[in-house]
Amino acid sequence: MTIPFLDLTVEQQLLLKRLKEPGHHVVSGPPGSGKSLLAVHHAAQARLMGEPTTLLAHSKLLKQHLNADAAGLGADIEVLTFHAWVHAWYRQSTGSSLSARSGQFDWTELVRASLQNAGRREQTFVVDEGQDLPPQFYQLCRLIGARIIAFADEYQRITDTQSTLNEIETALGRCTRHEIVENLRNPRPVAELAIRYSVGFHTLPPPIRDGPTPVLLHLPDQRRPFVQWLADYASARRRLSVGVVLKYTRMQQELLADLERIGHGLRPQIYVGGAPTDRHRTIDPARSGIRLINRASIKGLEFDTVIIPDTHLDRDDPTSAEIRMMYYVLTTRARSELYFCYSGVREPPILADAPESLLTRSLLQAPR
């Protein structure tokens with residue numbers, strides 16, 4: 001449920017007032033500080049003031065959640081993926097379609113189009129998860145005279161296209177930076193574990209809310225015991241959202257088939273970006289229960305319980321920034337319980353050094 005303005009924290013309300021000041025703004029904050037919520041609120045306020053405003057996101061799944069949040073506020077906001085906006089802008093500016101190989105744009109061609117386009121109009125872009133967009137996008141916005149309000153956390157850069165806060169500021173020229181620090185999503189044990197995987201220096205106040213210690217669950221080699229455990233877990237907690245985050249699309253689809261065979265009336269949802277049917281491309285954010293999500297689409301989302309079944313696939317160097325940022329993102333999606341699961345003899349290197357006080361070890365027994 002979207003939180004109305006009067007129920008936001010004082011820090012959040014003051015920030016929204018400051019964002020009305022002219023010029024570009026970049027808002028940084030940790031996971032759970034409400035960046036996505038504030039992006040929707042600011043876009044809604046700008047639309048009410050008659051300012052042409054578009055809310056942008058990198059992923060199609062995050063776009064669906066932002067649309068749901070906007071509907072919860074009763075706001076008529078245009079929400080687009082950044083890829084969709086670039087294609088539409090180029091077509092409107094040149095009258096032709098833009099070719100993009102593997103989702104990568106020819107930014108030289110886009111700059112050329114911006115210089116040829118004399119019909120500029122005032123436009124504001126509110127960007128959620130702004131670190132997921134490349135610096136060239138912000139440079140293009142500067143060339144076409146658009147105003148940018150970007151919400152970003154540079155410690156969550158897990159996409160192929162990404163920007164640091166300094167890169168965003170350099171691309172935009174002069175802009176005002178803001179920081180919000182309060183983690184309103186995670187219980188303290190989850191936040192304390194997440195700090196181990198942050199690639200930056202944090203002096204953030206820990207959340208006040210207590211909760212269960214995250215669990216590292218050792219799975220049997222057979223898949224069925226985990227599927228049954230997951231089905232039983234969700235059946236006993238039907239009012240909760242359970243995000244099951246997997247590395248590969250094939251594993252999402254196999255787990256969906258397994259859960260549907262078990263039944264229990266679970267009605268699991270799945271999001272696969274390249275799926276041929278809407279059933280696998282659309283998530284209802286308001287519906288509780290199991291949602292099978294790919295890691296690449298997890299940014300900006302949150303769930304009551306987060307379960308990562310396949311950490312045994314992560315044998316990367318645990319000191320690399322890439323794997324650390326991924327686990328930082330995965331950990332901070334949980335509003336309450338968090339389960340990392342693995343099969344095999346050894347714990348995944350990225351998790352093996354976590355002390356028992358931060359990560360409880362447990363064994364899922366296979367039925368005899």
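Worth knowing before you read on, the calculation uses all heavy atoms, side chains too, and leaves out hydrogens, waters and symmetry mates.
Side chain to side chain, Glu11 and Gln13 fail the donor-acceptor criterion of an N or O pair below 3.5 Å. For the residue pair Tyr90/Glu109, the side-chain donor-acceptor check at 3.5 Å is satisfied.
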N/O donor-acceptor pairs under 3.5 Å from side chains in residues 340-347, not counting sequence neighbours:
from   : atom 1 : to     : atom 2 : distance (Å)
Glu347 : OE1    : Arg361 : NH2    : 3.1
Glu347 : OE2    : Arg361 : NE     : 3.1

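Between Lys299 and Asp153 no salt bridge is recorded (no basic side-chain N to carboxylate O distance below 4.0 Å). A salt bridge links Glu260 with Arg279: the distance from a Lys NZ or Arg NE/NH1/NH2 to an Asp or Glu carboxylate oxygen falls below 4.0 Å. For Asp314 and Lys247, the salt-bridge test passes: some basic side-chain N is under 4.0 Å from an acidic carboxylate O. With respect to the salt-bridge test (charged N to carboxylate O, under 4.0 angstrom), the residues Glu21 and Arg18 do not qualify.
A side chain to side chain contact (heavy atoms under 4.5 Å, CB included) with Leu55 is found for one member of Ile77, Val127, Asp69 and no other, namely Ile77.
Aromatic ring orientation, Phe105 versus His87: perpendicular (interplanar angle above 60°, classes split at 30° and 60°). The aromatic rings of Phe82 and Phe137 sit perpendicular to each other, their planes meeting at more than 60°, with 30° as the lower class boundary.
The hydrophobic cluster containing Leu19 also contains Leu73, counting ILVMFWY residues as joined when their side-chain heavy atoms lie under 4.5 angstrom apart, directly or transitively. Placement of Leu184 and Leu301 in two distinct hydrophobic clusters is found when ILVMFWY residues are connected by side-chain heavy-atom separations under 4.5 Å, directly or transitively. Linking ILVMFWY side-chain heavy atoms closer than 4.5 Å, directly or via other members, places Val329 and Ile308 in a single hydrophobic cluster.
Distance check: Cys175 SG to Ile168 CD1 gives 8.5 Å after rounding to the nearest 0.5 Å. Annotation: the span from Arg223 atom CZ to Gln228 atom CD amounts to 13.5 Å, rounded to 0.5 Å. Remark: Ile149 CD1 to Leu38 CG distance equals 12.0 Å, nearest 0.5 Å.
Of all heavy-atom pairs spanning Leu255 and Leu292, the tightest one is CD2-CD2, 3.8 Å.
Atom CZ of Arg239 sits in a sparse spot, with 12 or fewer heavy atoms from other residues, nucleotides or ligands closer than 6.0 Å. The 12-atom threshold is exceeded at CZ of Arg238, counting heavy atoms of other residues, nucleotides or ligands nearer than 6.0 Å. Enclosure of atom CD in Glu322 is not indicated, since only 12 or fewer non-hydrogen atoms of other residues, nucleotides or ligands lie within 6.0 angstrom. Atom CD1 of Ile208 has 12 or fewer neighbouring heavy atoms from other residues, nucleotides or ligands inside a 6.0 Å radius.
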Test log, rule salt bridge (charged side-chain N to carboxylate O under 4.0 Å, His left out), inputs Arg112 and Asp106: CA-CA 10 Å; Arg112 186 181 299 115; Asp106 182 346; 5.9 Å; no
